[in-house]
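First up is the structure itself, then whatever we jot down about it.
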Amino acid sequence: MIANKLIVTASPHVKSVDSTPRIMWTVAASLVPVIAASAFFFGISALLVIFAATLGALLTERLLGRPLSLRDGSAMITGLLLGLCLPPGIPMWMAFLGGAFGIGFGKVIWGGLGQNGFNPALIGRAFLQTAFPVAITTWPKPGGNFFALKGDLFAFPFMHPVSDVVTSATPLGLFKFEKLPTPLLDLVLGTTGGSVGETSAIIIILCGVFLAWKGYLNWRSPVSIVVTVFLLGGLLHLINPAKAPDALFMVFSGGLMLGAVYMATDMVTVPTTNKGRWVFGIGTGVLVVVIRVYGGLPEGVMYAILIMNAFTPLINNFTQPAVFGTRTLKEAK
Amino acid sequence: MISNLAWIFFSTLLINNFTLAMFLGLCAFFGVTTKIDTGWRLGAANTFVLVMTAVSVWFLNRFVLAEAPYLRTIAFIVVIASLVQIVEMIIKKFLPVLFRELGIYLPLITTNCAILALALFQTTRKYNLIEGIVFALGAGLGLTLALTLMASIRERLDVADIPAMAKRMGLVLIIASCMSMAFMGFAGMGSG
Amino acid sequence: MIFQAILILGGTGLVFAIFIAVANKKFKVWEDPRIDVVAAMLPQANCGACGLPGCRAFAERAVEGTMEPAGCPVSNTDQIHSIAAFLGIEAGNAAKRVARLLCAGSTDVAKQRAEYRGLSTCAAATPVAGGGKGCAWGCLGLGDCAVSCDFDALHMSATGLPVVDVEKCTSCGDCVDACPKGLFVIQPLDHNLLVQCKNLVTGDSVLEACQVACTACGKCVLDAAEGLISVASGVAVIEYDLIADAEERAIERCPTGAIVWLQGAQFARLPALSSAEAA
Amino acid sequence: MSGHSHHGAPPEPAAPSEQQDQTPAEGSSSARLLFTLGFFGALAGSLLAFTYQKTLPAIQKFAGEKVEVAVMEVLGAPPKLDTLYLIGDKLSRTPPAGVIPGDAIKLFIGIDAKGERMGVAVEEVAPGFASDVRLMVGFNPSTGALTGFKVLSQTETPGLGDKIEKDTAFASRFTGKIALPLKGTKSVTTDPSTVQTITGATISSKAVIKVINKAVETWKPRLEAFEKEGGK
Amino acid sequence: MAFFGFAHGVHPPEEKELTSGLPIRRMPFPDELVLPLRQHAGKPATLCVKVGDKVERGDPIGLADGFMSVPIHASAAGTVTAIDWWPHPDGTMAQAVHIAVDKYAPQVPRPRLVPRWEGLTVDEVVKAVQSAGVVGLGGAAFPTHVKLAPPKDFTVHTLIVNGAECEPYLTSDHRTMVEYPERVHFGCRIMMHTLGVKKAVIGVEKNKPDAIAALERTKPKDLDITIMPLTVKYPQGAEKMLIQSVTGVEVPSGKLPVSVGVVVQNVGSLAAVAEVFDTGLPLIERIVTVTGHGLRRPANLIVPVGTKLKDLLTYCDGITADAAEVIIGGPMMGLSQANLEAPVIKGTTGVVVLASHETRGETVYPCIHCGRCLDACPVFLNPSWLGDLARVKRYDDMAEFHLADCMLCGSCSYVCPSNIPLSQLFQASKVMLRRAQQAGAA
Amino acid sequence: MTTEAAIAPAAAEPFVPGAPPPAPLRLDVWRGIADDNPVMIQMLGLCPTMAISNQVSNGLGMGAATIFVLVCSSFLISLLRKVIPAEVRLATYILIIATFVTIADLVMQAYSPVLSKTLGPFVPLIVVNCIILGRAEAFAGKVGPLRAVADAIGMGLGFLLALLIMCAFREVVGSGMFLGHPLFGPNYEPWVFMIMPPGGFLTMGLMFLAMGWWGERKKALLKKAVA
Ligand SMILES: Cc1cc2nc3c(=O)[nH]c(=O)nc-3n(C[C@H](O)[C@H](O)[C@H](O)COP(=O)(O)O)c2cc1C
Ligand SMILES: Cc1cc2nc3c(=O)[nH]c(=O)nc-3n(C[C@H](O)[C@H](O)[C@H](O)COP(=O)(O)O)c2cc1C
Ligand SMILES: Cc1cc2nc3c(=O)[nH]c(=O)nc-3n(C[C@H](O)[C@H](O)[C@H](O)COP(=O)(O)O)c2cc1C
Ligand SMILES: Cc1cc2nc3c(=O)[nH]c(=O)nc-3n(C[C@H](O)[C@H](O)[C@H](O)CO)c2cc1C
Ligand code: SF4
Ligand code: SF4
Ligand code: SF4
Ligand code: SF4
Ligand code: FES
């Protein structure tokens with residue numbers, strides 16, 4: 001009998017087919033349509049920005065992260081998502097820096113995959129927003145020649161971008177500062193100014209549905225975010241239409257869809273419990289509306305998610321599942 | 001009036017959070033935030049002392065220090081220190097349960113610069129009594145929020161596999177940086 | 001103006017002082033300051049090898065005089081003497097005790113029957129078909145004991161056995177608690193005779209699993225002083241009350257080398273794994 | 001080791017048996033505690049009073065200068081200044097009692113060589129992007145026309161919101177505007193009741209506009225009331 | 001039918017089609033049987049034979065040591081050749097009796113060893129069940145007679161029969177219900193009588209329609225027995241989950257089923273009790289499913305207790321070239337075997353031989369806090385957090401998070417995408433915790 | 001430090017628990033700058049360090065004021081250490097420190113008003129800077145004036161050093177300037193982040209990371225040397 005080559009393992013001896021790299025790479029692959037859409041609207045600039053951000057993320061993960069950690073695919077997602085939430089005209093050196101910062105301080109220093117408390121892509125983006133507030137709020141107009149650059153993408157590292165590209169405000173900025181509405185169809189299709197990937201809501205929703213169907217993202221936070229924004233936004237709009245835009249505008253504008261589908265679902269930085277995910281989603285939704293309507297900034301998705309990230313361990317703490325039999329044990333006593 | 005008080009409260013709580021934006025009370029923020037329970041309790045004790053400070057500082061400014069502004073710093077610190085001592089003794093005597101929960105943090109608070117800073121800000125910003133109390137509440141709850149969040153994140157980190165070089169304090173400061181960045185989302189609140 | 005300042009500050013100072021004076025009277029507890037000093041002189045390992053819960057407890061007892069300074073196995077002689085000198089008492093003495101391993105089944109002599117996959121700790125591997133090792137009593141070599149040792153006294157050898165550094169071992173007993181197979185014992189360093197095996201299978205069939213196992217052949221029993229060694233339930237057992245009678249002759253006819261004569265370290269031959277290799 | 005004996009420290013280890021007897025009450029007497037603290041309090045007080053007296057002129061001179069510079073700037077350097085104090089909701093010529101003079105709320109009236117009123121200057125605040133924006137605002141109380149403003153304090157984002165203080169071009173956009181009330185706009189404008197805001201710092205710019213409007217709105221009636229009641 | 005059902009759980013591939021259609025066959029006696037004295041939960045049996053003794057089939061070789069123990073009987077006639085330490089399916093070594101089987105001896109003996117059931121008092125039934133060496137055949141091998149004699153301060157109102165067989169691969173209970181439904185009902189009758197209950201429910205997962213049909217067909221008219229189809233879900237067969245599915249009641253944490261008036265018995269145990277009273281022979285053989293993609297000829301076999309795995313697998317034409325792991329029990333909770341000399345014991349429900357592609361990979365990733373394990377855990381623990389705590393050895397905190405309620409079902413490890421061996425961590429942590437508590441008590 | 005003190009043949013000398021072991025003055029100074037650096041090693045006085053470290057000029061002013069207070073109060077406390085009863089020790093220290101802080105504040109308001117304005121409340125907040133009270137407790141209250149002053153200077157310089165490192169990093173990266181002088185030409189894109197609050201935390205974090213990295217490296221080298 002061939003006993004020598006037997007292995008012994010602890011039970012269970014079998015395992016479901018899903019693995020962490022498989023989940024990560026599928027999510028990364030699901031971003032391809034979003035990237036394609038952004039290339040359609042913003043031309044080669046979008047691809048260059050995404051490339052630079054991803055390069056920054058991957059290089060940093062490779063240099064500072066654990067050995068072979070590039071294989072799990074999470075750094076790829078971070079880079080792509082960061083690229084997708086930057087304006088298409090931002091100098092590439094800034095996008096690269098954002099990727100490096102996000103992975104370095106948002107992930108590696110925490111111990112790598114699974115340990116970080118804040119969304120690395122958003123940490124990178126928040127850093128860029130704070131460091132270069134002007135560059136990151138310069139929104140080029142979509143459309144035009146595919147190869148025409150949307151800004152000074154090749155600005156010399158550490159130097160000002162100099163460019164004279166036609167800029168346009170984002171729908172949210174237009175509403176907040178000029179009180180100008182944007183047609184809903186433009187929002188849904190994505191033919192508006194804004195970040196590389198936050199424009200086309202419809203494509204992002206489709207990708208999200210696909211991932212939820214595969215079981216790779218938990219639908220609870222995205223759904224609760226969208227519903228909360230819709231309801232609260234609608235309520236405020238009813239109270240004061242001049243200050244708060246209508247609910248559908250709220251839902252389809254800005255980075256809400258990208259944030260809800262891809263960032264509020266990063267299991268590492270949102271609560272592990274399902275109840276906690278509802279709380280996270282509702283909290284994020286409320287913050288988005290509050291920042292957009294009452295805050296100084298036109299957009300609030302990034303900050304809302306980061307703030308809720310900070311609350312994640314606390315939410316986890318308060319939403320631990322009720323262990324089987326503990327309720328009846330209490331009743332018995 | 002209400003909107004003025006609301007602005008004072010929220011801007012102190014969120015936008016100019018004493019810990020995350022003004023760098024006050026960092027000793028406790030970094031030193032005593034390893035357990036959620038400790039975090040919020042210290043925050044609660046702090047809030048209490050802050051409110052008391054606001055009240056007594058208003059009285060001092062109004063009735064004692066009007067003629068001797070140069071004694072502000074020294075008078076404030078002495079009053080705060082005595083106040084904390086008195087409160088400690090009173091709580092210990094009459095509310096032993098509360099003392100066990102919060103009282104042990106009181107001595108820590110005396111040397112917390114947030115308290116003295118509150119007294120000074122309140123003076124330079126010429127807040128009246130009510131404004132002062134609201135200001136103190138905002139500051140105290142802001143501290144509590146920061147302490148609790150930091151503690152909860154650090155509790156989670158206790159089980160994480162942090163790189164050796166970040167173990168001592170490095171990562172904790174990076175977390176503070178991230179939190180501070182996140183709270184910048186509140187900027188401009190109330191101005192629009 | 002100066003007068004006013006004096007009044008204000010002198011007044012607040014006085015109020016302050018009154019409170020402190022009251023507090024001072026009410027709440028202070030006096031404690032022998034030498035306890036802190038002695039505690040500071042102790043290694044602060046808080047290992048419990050002295051039998052007390054931590055170094056400060058030891059310091060209290062030492063100051064009380066109910067514990068000799070030498071009762072701390074972790075401190076070296078110089079440290080013990082300085083504590084004794086500080087307290088003005090005798091240092092006392094204690095026989096050196098160390099941890100001994102009751103298994104010699106390194107990977108080169110003991111068979112691994114199946115490949116174990118899973119958590120790399122002995123505690124986790126033990127319930128998984130005994131870790132897949134041929135001998136169900138033997139050392140798994142996954143090093144729970146080495147991890148548990150706070151004194152850097154335990155290192156895994158290249159052939160998967162923990163080797164005790166008798167110099168550094170403080171006999172704290174952490175390894176005894178850590179080993180799921182119960183393979184460590186704490187013994188005085190000068191006990192020379194040791195059976196390095198716990199396998200209860202008798203006869204030569206045991207050699208299939210491990211070449212250095214005790215076959216319970218009984219030769220050592222014959223060669224040793226009356227009653228010193230016996231074979232009970234499949235393995236040779238030494239009666240340590242009679243250890244004074246032990247002679248090296250007892251091990252000479254052992255066919256497998258399961259019983260050994262120790263002078264100082266166990267497994268003196270095994271090279272410890274260098275830290276680079278271990279990593 | 002220092003070699004000095006020390007109060008409150010335990011006695012020397014050579015005599016361990018004696019230490020057991022020492023009780024805290026025998027540490028230091030309460031009278032001594034009171035005396036020490038009272039004494040040091042008094043000493044500190046006198047030292048501070050002394051320093052304060054020595055530095056006061058310089059501090060006041062600077063504080064005065066600072067306000068003066070701001071007032072001069074926003075009013076276009078009037079040869080003569082008149083000061084009114086706010087007590088309750090009324091203006092008065094005499095400073096309120098029980099308040100440090102520097103802390104009183106004032107209104108400055110710039111008077112030109114001919115004795116004509118050139119304008120008034122007041123301090124006012126409003127919430128900005130990060131925190132309060134505090135300005136000295138100069139305006140003509142009869143027309144509401146601005147004579148100028150100066151930022152006294154702000155903590156807006158460096159390089160962005162702080163342009164309201166650092167960017168002289170921004171300040172110059174306000175000359176000749178009339179606050180009835182003033183409005184902000186994104187584009188270049190020649191309308192006297194609108195001002196172009198700073199790109200990327202609309203909120204801070206609007207805060208400035210808000211302060212100015214608030215200054216004119218609150219102080220104009222006060223001054224009118226004061227003058228009606230016959231204060232010159 | 002099952003309106004309640006339990007929440008969470010997992011759906012591993014069933015793989016039951018390998019053997020679910022194969023009728024039960026009898027395996028011929030091997031040359032040697034090895035009978036460990038420790039085959040059940042509770043105290044091991046005490047030896048009552050010596051080397052050289054001749055034994056008949058059914059003779060006791062080990063006697064019950066107290067109430068929490070059962071005797072062990074020779075499963076074939078032959079000679080005791082040795083009594084020594086022998087590999088046990090649980091991975092340790094155990095004292096075992098070797099019997100060289102006398103294949104030509106008349107293997108069916110003599111007077112009944114177990115009396116007829118009719119007319120026995122409750123106590124006599126319990127005694128007879130104990131003396132027949134019957135233990136739970138569901139896997140834990142808990143002495144059956146103990147569960148038939150609940151303490152007087154509890155009232156039992158329902159007997160629940162566990163026919164869930166939720167482990168992948170295993171079909172021994174399934175075949176028992178299909179081929180011997182009358183025996184199951186007879187066992188049920190005996191147990192209901194002994195427990196004094198009026199009501200019994202047999203829970204069967206819906207993926208065994210033939211078993212449900214067979215049980216319905218043969219249901220005795222005079223007893224209140226319900227056959228309840230259950231959702232196909234692992235671990236439907238776990239005692240507390242089953243009770244919740246059948247009655248909707250959550251057994252309180254840390255309490256036994258009797259505290260809610262329920263006793264759970266496996267269908268195999270029922271059939272065994274019936275058989276014991278039928279034939280008069282004690283429990284000396286059992287139905288074992290031998291299966292897996294690493295085995296040449298899967299089968300459902302009646303196997304004498306004490307048959308070495310080696311002989312069993314050889315009888316099934318041996319294992320394939322890519323066989324990697326031999327498991328006693330099912331793949332979710334069974335035990336890996338390092339030594340194929342280990343024997344089949346009373347609690348052995350099946351032997352599964354996994355091919356190498358089915359085994360768990362070796363790469364473990366960090367926990368990404370995906371929460372899948374929380375959604376899988378049938379007792380609503382937080383395995384992710386418990387795993388984090390276990391890694392840093394915070395066992396006391398684990399106890400606070402209800403480590404004790406973990407039944408090591410392995411659902412969490414099964415779903416974990418990062419391949420973290422969570423249930424192994426919990427098993428080791430339980431050991432550590434117990435050791436720490438003992439050290440604390442000492 | 002305490003262990004050494006106790007092991008030293010102490011029996012003959014009067015015993016002050018926790019008193020620092022005798023050391024040359026040079027060492028007393030050096031300790032504060034390097035081995036026991038108040039900010040980098042002891043993590044004291046973090047609030048002022050982070051709050052005002054976005055410009056080098058602020059750091060210089062703050063450092064100077066702190067050194068002044070530290071040296072003066074250490075000197076006075078050391079002189080008076082035999083007079084002050086242990087029970088009111090802390091209260092008296094606070095009084096003394098607050099006095100010097102107010103003096104520093106007043107002087108700064110009078111003669112350097114711009115700096116005084118940017119440092120804002122952080123000058124009076126020197127009172128609660130743990131470094132000063134800490135040194136009074138651990139050192140000045142236990143040794144002679146000369147050593148107390150040496151130690152105060154060391155600690156002060158150590159504080160200044162840490163401040164300057166932070167300030168220089170934040171000012172150079174955050175505004176492209178050093179002491180207000182542009183370094184990289186007009187096209188430099190400053191990282192506003194660095195002069196904002198998160199940048200303060202980050203810079204301090206970087207400092208600790210660098211030290212952590214250095215500590216680990218030293219440990220690794222030591223291990224190698226032993227092996
Ligand atoms: C880090 C950061 C700092 C900012 N600081 C200011 C500021 O100090 N003042 C201000 O008005 N807006 C500030 N903003 C707000 C934005 O620039 C805002 O979009 C802008 O005020 C809108 O004006 P715009 O329509 O002219 O671009 C800041 C934004 C960010 C992200
Ligand atoms: C009256 C009574 C007492 C029981 N006592 C125990 C006991 O002490 N320990 C135990 O593990 N199981 C005891 N059980 C059996 C359990 O309920 C359970 O059936 C057994 O542990 C096997 O469960 P498993 O196969 O799910 O592991 C008892 C059952 C009954 C009816
Ligand atoms: C995770 C888990 C799964 C189980 N699955 C089954 C099962 O499928 N069938 C079964 O009869 N017993 C199963 N058991 C054992 C039962 O809990 C219980 O012990 C048994 O049904 C009692 O019957 P017995 O004593 O007659 O064996 C399982 C136990 C656990 C912990
Ligand atoms: C559904 C899903 C969403 C993710 N979202 C993000 C994200 O928003 N930002 C990011 O940096 N990484 C994201 N990741 C990748 C990974 O989880 C993340 O980098 C971890 O935070 C790294 O520890 C995502 C992964 C998955 C599977
Ligand atoms: S753990 Fe074992 S080897 Fe290490 S010191 Fe303690 S007794 Fe000695
Ligand atoms: S002695 Fe025990 S703990 Fe140590 S490696 Fe061997 S089996 Fe593991
Ligand atoms: S093994 Fe334990 S923790 Fe994991 S799913 Fe099963 S009961 Fe829950
Ligand atoms: S399933 Fe695995 S990766 Fe997911 S939360 Fe649980 S332990 Fe972590
Ligand atoms: S709390 Fe601010 S310096 Fe300690």
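Computed from heavy atoms alone, side chains included, the values below leave out hydrogens, waters and symmetry copies. Just so it is clear: chains get the letters A, B, ... in the order the sequence lines come, proteins before strands, and each one is counted from 1.
For a residue to count as touching a neighbouring chain, one of its non-hydrogen atoms must lie under 4.5 Å from one of that chain's; by this rule F/I103 touches chain D with backbone and side chain alike. With a 4.5 Å cut-off on non-hydrogen atoms, D/F62 touches chain F through its side chain but not through its backbone. Contacts of D/T36 with chain F are made by side-chain atoms alone, with heavy-atom separations under 4.5 Å and no backbone atom involved.
Within a 6.0 Å radius of CZ in D/F174, other residues, nucleotides and ligands contribute more than 12 heavy atoms.
Looking only at atom types and distance, the side chain of D/T194 has a donor-acceptor partner in the side chain of D/T189 under 3.5 Å away. Residues D/E165 and D/Q154 bring a donor and an acceptor atom of their side chains to less than 3.5 Å of each other. Inspection of the D/S204 and D/E156 side chains reveals an N or O donor paired with an N or O acceptor under 3.5 Å.
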